[in-house]
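Both counts, for ligands and for their atoms, begin at 1 and track the order of listing.
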Amino acid sequence: MADVFVARRLEGDALGKLEEAGHAVTVWPGNLPPHPTELRDAVADTEGLLTTLTERVDQALLDAAPRLKVIANYAIGFDNIDMDATAARSIAVGVTPDVLTDATADLAFALLLAAARRLPEAAAAVKDGRWRTFETQGWLGADVAGQTIAIVGGAGRIGSAVARRAEGFDMKVLAVGRDDDLHQALQQADFVSLHAPLTPQTRHMIDATALAATKPGAILVNTGRGGLVDQAALANALHSGHLQAAALDVTDPEPLPPDDPLLAAPNLLVLPHIGSATHTARAKMTALAVDNLLAGLDGRPLPHPAK
Ligand code: DGY
């Protein structure tokens, strides 16, 4: 039976299904991802590969894996995978849709609320002992109810789930799709939430021009991919005060080096890419990835193909 390499320890027990099916499974034991050379060594005999977004699947990796049949990416996004190169080798690529939609939409909304109401600063003041009394003018933030949100990638699964949450907060939703006028929506929105996939077309879609078009005082939330945003332009927009705040679950690279200029920008909240990080979502992601591997190893169509 086939050799399967799993690039990280995973939540849930679905990997057992691979062993039950007779496959030999190796799980990378480290907390940090395998270095590209370690990954190349690990896949020499592999027919099934489970990757996360930190594993770059490029030509060099595919060349090191002559027997590879199927890649199960532990994510809904697949910008870490060279899809032309996998297609040229007829290697099936699967993803983990739907099961992380609510977790990621919840986190986008948590970031929106945290940035609007300045939760990190307020909580830090309590912990540091700087909070002395009820303050009539301390930590004043932005309203959420009744405000307008532009949801970029608004027709997708996660964008639609964020829209439902926003409607529950009596917000006006502008769903921005591929063919819609992004800048027009940015001019009207008090909040902008990014959910577009990262492609050559969407890379840096939020650049200096887009940020200049944004309504003064707007708040940017990104739970999609860091590459959607030109981070130097974002730092400028925060320093100038044009943007009120930005709350990011994703950056480029991840993690940002501690001396990255973006981290010195004011009113910035950055999380360590935890959009799908609930026990349930992650266990279900494992189950979907295993279903993709089992199908690909059997030569069946993947139940959850990347495209
Ligand atoms: C995804 O699924 O693409 C997330 O970013 C990883 O959970």
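- The closest protein non-hydrogen atom to atom 3 (O) of ligand 1 is R225 NH2, 2.6 Å.
- I76 N, 2.6 Å is the protein heavy atom nearest to atom 2 (O) of ligand 1.
- Counted by atom type alone, N80 and N73 present one or more donor-acceptor pairs between their side chains at under 3.5 Å.
- Across V229, L262, L269, a single residue satisfies side-chain contact (heavy atoms from CB on, under 4.5 Å) together with L248, and that is L262.
- Residue L53 has at least one heavy-atom neighbour below 4.0 Å for each of these atoms of ligand 1: 5 (O), 6 (C).
- Here T96 has no heavy atoms under 4.0 Å from ligand 1, in either its backbone or its side chain.
- Side chains of Y74 and T96: a donor-acceptor N/O pair is absent below 3.5 angstrom, by distance only.
- Contacts of T104 with ligand 1, taken as heavy-atom pairs under 4.0 Å, are absent altogether.
- Closest to atom 7 (O) of ligand 1 by heavy atom, among G77, S276, G224, is S276.
- D3 and T46 are not linked by any side-chain donor-acceptor pair at a separation below 3.5 angstrom, with hydrogens and angles left out of the test.
- Annotation for ligand 1: atoms under 4.0 Å from non-hydrogen atoms of L100 are 2 (O).
- Of the polar atoms of H273, at least one N or O is found under 3.5 Å from an N or O of ligand 1, judged by distance alone.
- Using modelled atom types and a 3.5 Å distance limit, the side chains of T54 and R8 yield a donor-acceptor pair.
- Remark: of the listed residues T278, I274, V221, I274 is the sole one forming a side-chain contact (heavy atoms from CB on, under 4.5 Å) with L107.
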